[in-house]
Amino acid sequence: MRLRALLETEALGLRLLGGEDELDRTVRGVMTTDLRDPSRYLSGGELVLTGLAWRRDASDSEPFVRILAGAGVAGLAAGEAELGDIPADLVEACLQHRLPLFAVHETVAFATITEHVVRQVSGERAGDLAAVVDRHRRLMTSGPAGGGPEVVLDLLTSDLDLRAWVLSPTGRQIAGAGAPLPGALGAALAGRHLAATRTGRRGPHRAAVAGTTYSLFPIRNTGRGAVPAARDVRESVLSDWLLAVEADASDWPAARLDLLQGVTQLIAVERDRRDAARTVRRRLAQEVLELVQAGAAPAEIAARLRVAAPVLLPGLGAAPQWQVVVARVDWTATDTPGPGGVPGDIAGGPAAQALLEEILVDPAVSGPDSADRIAVAHTDEEAIALVPLPAVPAPLPDTVGGPTDTATDIAGTAETAATPESGEPAAAQDPALHADALLAAVREPLSAGLADDGRLTLGVSAAVHSAEGLRGALEEARHARRVAAARPGRVCAAGHHELASHVLLLPFVPDDVRRAFTARLLDPLRDYDRRHRAELIETLEAFLDCDGSWTRCAARLHLHVNTLRYRVGRIEQLTGRDLSRLEDKLDFFLALRMS
């Protein structure tokens, strides 16, 4: 129980004199004493009751309080029966040592307080014991744990007053009791958990976010029939669920920690059931992928897609469109032997598969089975998702803005949730995936799990309407992923629309070629600017941005047109180029982009 609960119990007649910020301390027992030094009888967490018989003068208060604070007691309750008002020196000493101080009214016996505390603490311990016994009974039963994670979390709330949520590695809520966890908070907790897991520390991990303390428990099945634990934490860190409890478990007794570990075991059973249910979808994706890569006839691929569509989108009336998403997780080689016996030899395909199944879930959707529309296959190096999209109905002839090209007008996954105004899913308007939106909500936690030695890159194709386009969509997604891999950062994504820009070519230019090209064109200008403060580089950038317009460029730089012409002439003289020629303008443009 907590000190706050004692203060709120009117029958105890306690009055708070100091330490309001410490009222969430846990009370584990009670002790009555008038010894000047009771430390040998204290183990921490007690509410100390005293009649102040130890106090002879004001100088006695600070040593007494210092001893209590050093022993880790929860609080001090002083009776008013002997001295009347509690001495100011005792109040000051408690404030100095941040020890909560209560005044006990003279009409309240210490025995009343003692009986109340013992009854409450014993009741909690009995509740914990009953829960542990029930947990063992549940573990012996077959099937999901009594109806799924929500039932277990409801028990934690009703019986132990603990609010808890099951979160995915991206922070998406899978289950919870009571009010849902805000998305930003879930992402922050998942990031803290992944970062702590990468350090090798055992759970639970303590995390303080926005002034509230949470304890984060890893969810892994260690019971009979469980998958053997990974020899390298990187194999599972990006796919494990976690249990976030709104409490500080650092001061919990062993029995309560054992209870929460049992809860994670129950939820792990649900996780295993969910993974087993995904087997069919994964097999469908693997079969389609093998056909596409083998160059099978479109009719054969189309037949396999017709089999997959009812599984992925039950009740779908029309043949769907399809998108392909490719993901790859790469780890830097280490001195620690991986599963293959080679240092750093960690197959990224399975990790990318589990991660992609999570990323492609709408972040606004909760529940363990919310990825039923996703089919993900994997090779040793990459994961490939086949995402069905319901056919978008053609707009009426008088629709404002005209028809929409679903292959190029891509919306974020957040827009696939139902719109509150109409109640109609936004996906009915444009269900396709957008690369930037996919990782917007998960970049922070995943970066924490990847730490300093991992990278996630992802590519998204355009939507295709038939089996004939699926091979091209796969190559498009793979090429987009390579574009993402050429960018800096732990988590990067690129979409099909980025493959039509000249900027696509720049990351693939070798570093030595880039340096030589930019130096040849820009170094003479930089040297001249350094010696004369002429701002030729700035002038060149503005001139190109204004498409060679003398008037607009002069206005942007606040220069007379003649001054601008002089600067451009100096640029041409120093570089031997002619800014009236398209080829030279393009060379300067690329040099500025690569510098």
Side-chain angles (χ1 to χ4, degrees), residues 1-118 120-121 124 161 206-215 246-253:
M1 68 178 303
R2 301 186 184 277
L3 287 175
R4 191 181 304 278
L6 292 174
L7 187 63
E8 294 170 352
T9 304
E10 296 183 2
L12 300 183
L14 297 179
R15 181 163 50 91
L16 183 65
L17 300 181
E20 184 175 0
D21 295 336
E22 304 293 328
L23 291 180
D24 285 328
R25 291 188 180 187
T26 301
V27 179
R28 297 177 178 169
V30 63
M31 176 189 178
T32 301
T33 184
D34 276 312
L35 296 173
R36 297 168 65 90
D37 182 4
S39 57
R40 72 184 69 178
Y41 305 109
L42 298 172
S43 59
E46 298 91 343
L47 174 67
V48 174
L49 307 176
T50 180
L52 301 178
W54 50 266
R55 181 182 179 277
R56 298 185 180 88
D57 54 46
S59 63
D60 293 332
S61 293
E62 195 281 331
F64 179 80
V65 172
R66 181 174 4 103
I67 290 171
L68 298 186
V73 304
L76 173 64
E80 294 178 326
E82 185 70 22
L83 301 178
D85 291 339
I86 304 303
D89 50 89
L90 181 60
V91 176
E92 182 179 353
C94 288
L95 289 174
Q96 177 184 345
H97 291 280
R98 301 180 62 84
L99 183 66
L101 175 63
F102 302 88
V104 183
H105 194 270
E106 61 182 3
T107 59
V108 178
F110 282 177
T112 301
I113 300 175
T114 299
E115 181 181 355
H116 178 83
V117 172
V118 170
Q120 292 296 319
V121 172
E124 287 190 358
D161 194 26
R206 184 180 183 275
V209 180
T212 303
T213 300
Y214 299 86
S215 296
E246 188 179 319
D248 187 352
S250 60
D251 59 351
W252 282 3

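Side-chain atoms of T9 do not come within 3.5 Å of backbone N or O of A11 as any donor-acceptor pair. Under a 3.5 Å cut-off, the side chain of R4 and the backbone N or O of L23 do not form any donor-acceptor pair. In this structure, R25 contributes its side chain and V73 its backbone to a donor-acceptor pair below 3.5 Å. In terms of modelled atom types and a separation under 3.5 Å, the side chain of T33 and the main chain of P38 share no donor-acceptor contact.
Residues passing the side-chain contact (heavy atoms from CB on, under 4.5 Å) test with T32, sequence neighbours excluded: L49, F110, T114. Partners of Y214 under the ring-ring contact (aromatic ring centres under 6.0 Å, His included) rule, at least two apart in sequence or in another chain, do not exist in this structure. Under the rule for a side-chain hydrogen bond (donor to acceptor under 3.5 Å, both in side chains), the partners of D57 that lie at least two apart in sequence or sit in another chain are S59.
For the atom pair CZ (R66) and CG (L99), the distance works out to 13.0 Å, reported to the nearest 0.5 Å.
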task = Assess whether side chain to side chain contact (heavy atoms under 4.5 Å, CB included) is satisfied between L42 and V48, documenting all intermediate values.
result = CA-CA 9 Å; L42 298 172; V48 174; 4.1 Å; yes
message = As a quick check of understanding, evaluate side chain to side chain contact (heavy atoms under 4.5 Å, CB included) for V30 and H116, giving each step before the final call.
response = CA-CA 10 Å; V30 63; H116 178 83; over 6 Å; no
inquiry  = If you apply the rule side chain to side chain contact (heavy atoms under 4.5 Å, CB included), what do you find for L35 with Y41, and how did you get there?
reply    = CA-CA 10 Å; L35 296 173; Y41 305 109; 3.6 Å; yes
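Nearest heavy-atom pair across P100 and L3 is CG-CD1, 3.7 Å. Scanning both residues, A103 and I86, for their nearest heavy atoms gives CB-CG1, 3.9 Å. Here the closest non-hydrogen pair linking V104 and A77 is CG2-CB, 3.7 Å. Minimum heavy-atom separation, D248 to T213: CB-CG2, 3.8 Å. For the residue pair L7 and L14, the shortest heavy atom distance occurs at CD1-O, 3.7 Å. Summarising the geometry of L47 relative to L76, their closest heavy-atom pair is CD1-N, 4.3 Å, with the distance given to 0.1 Å.
Annotation: side-chain hydrogen bond (donor to acceptor under 3.5 Å, both in side chains) contacts involving residues 89-102, sequence neighbours excluded, comprise E22-R98, R55-D89, S61-D89, E62-H97. The salt bridge (charged side-chain N to carboxylate O under 4.0 Å, His left out) contacts involving residues 7-18 comprise R15-E80, where partners must be two or more places apart or lie in separate chains. For residues 32-47, the set of pairs meeting the salt bridge (charged side-chain N to carboxylate O under 4.0 Å, His left out) definition, not counting sequence neighbours, comprises R36-D60.
The closest side-chain heavy-atom distance from L90 to L52 is below 4.5 Å.
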